[in-house]
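Quantities reported herein were computed from a predicted structural model and do not represent experimental measurements. Residues: numbered from 1 along the sequence shown.
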Amino acid sequence: MQSKVRTCIAFKDQAEEAARFYVSVIPNSAFESAFRREPDGPALLVSFTLAGTPYQALNMGCEPSHNEAFSISVTTKDQRETDEIWDKLLEGGGAEIQCSWLKDRFGVRWQIVPEALPRMFMDEDRAAAGRAFQAMLGMVKIDIAAVEAAFRGDSA
């Protein structure tokens, strides 16, 4: 069933390549369809899901302005999944940013957020939550064990 609402990401001419790459990185994702003006021509619009969330990718023919005002946030269950998705999204020319953010080779921003982070940040022990948050601010890719140690108040 076609979703009523989809986020659309613009590309110059890499919509299908980006969508196929994203579905290969994010578990439980699927490439759905590609609309082509000509049967053998490039895709103009593609539809895909990332872990069940619907997206479209559009080839605009001009370079879009991807920036930090838009990002795709992925919740990960543990350090292994965090590392795996992080490393795959950086393949081919991505760049690390800060505090769980990166930019992939297509210029799209991502946040790779271990599920432990919001749990610690929202804990009733505000001092522990603050220590965890401060630890995260000094990181690029999140090191869950280090954030948990800061949360507990373990000295480094």
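Put simply, Leu137 and Phe121 are part of the same group of oily side chains (I, L, V, M, F, W, Y) that touch within less than 4.5 Å, one to the next. Taken together through direct or relayed side-chain contacts under 4.5 Å among Ile, Leu, Val, Met, Phe, Trp and Tyr, Val113 and Val108 form parts of separate hydrophobic clusters. Clustering ILVMFWY residues whenever any of their side-chain heavy atoms sit less than 4.5 angstrom apart, transitively, puts Phe21 in the very cluster that holds Leu102.
Members clustered with Ile97: Trp101, by chain and number, using a 4.5 Å side-chain heavy-atom cutoff among hydrophobic residues. When hydrophobic side chains of Ile, Leu, Val, Met, Phe, Trp and Tyr are connected at separations under 4.5 Å, Phe35 ends up clustered with Leu44, Leu45, Leu58, Met60.
Taking NZ of Lys103 as the start and OG of Ser71 as the end, the distance is 13.5 Å to the nearest 0.5 Å. Remark: Met120 CE to Asp125 CG distance equals 12.5 Å, nearest 0.5 Å. The CZ atom of Phe106 sits 14.5 Å away from the NZ atom of Lys12 when rounded to the nearest 0.5 Å. Here the CG-CZ distance, from Asn67 to Arg109, works out to 6.0 Å after rounding to the nearest 0.5 Å. Between the CD atom of Gln79 and the CH2 atom of Trp86 there is a distance of 11.0 Å, given to the nearest 0.5 Å. Atoms CD and OH, from Glu17 and Tyr22 in turn, are 9.5 Å apart once rounded to the nearest 0.5 Å.
With sequence neighbours left out, the side chain to side chain contact (heavy atoms under 4.5 Å, CB included) criterion links Ala43 to Glu16, Ala34, Arg36, Val46. Partners of Glu81 by side chain to side chain contact (heavy atoms under 4.5 Å, CB included), not counting sequence neighbours, listed by chain and number: Pro27, Thr76, Lys77, Asp78, Ile85.
Between His66 and Phe11, the ring planes are tilted. Angles from 30° to 60° get that label.
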Let me see the working for Ile142 and Ile112 under side chain to side chain contact (heavy atoms under 4.5 Å, CB included), right down to the final yes or no. CA-CA 8 Å; Ile142 302 303; Ile112 311 305; over 6 Å; no

Please determine whether salt bridge (Lys or Arg N to Asp or Glu O under 4.0 Å) holds for the pair Glu32 and Arg6, giving the CA-CA distance in whole Å, both sets of side-chain angles, and the decisive distance to 0.1 Å. CA-CA 13 Å; Glu32 297 173 348; Arg6 285 182 181 260; 2.6 Å; yes

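Not a single donor-acceptor pair under 3.5 Å links the side chain of Gln14 to the backbone N or O of Asn59.
No hydrogens or angles considered: nothing links the side chains of Ser100 and Gln111 as a donor-acceptor pair under 3.5 Å.
Listed by first and then second residue, the ring pair (Phe, Tyr, Trp, His ring centres under 6.0 Å) pairs that reach into residues 39-64 are Phe48-Tyr55, sequence neighbours excluded. Pairs passing the salt bridge (Lys or Arg N to Asp or Glu O under 4.0 Å) check and including a residue from residues 83-94, sequence neighbours excluded, read Arg80-Glu84, Asp83-Lys141, Glu84-Lys88.
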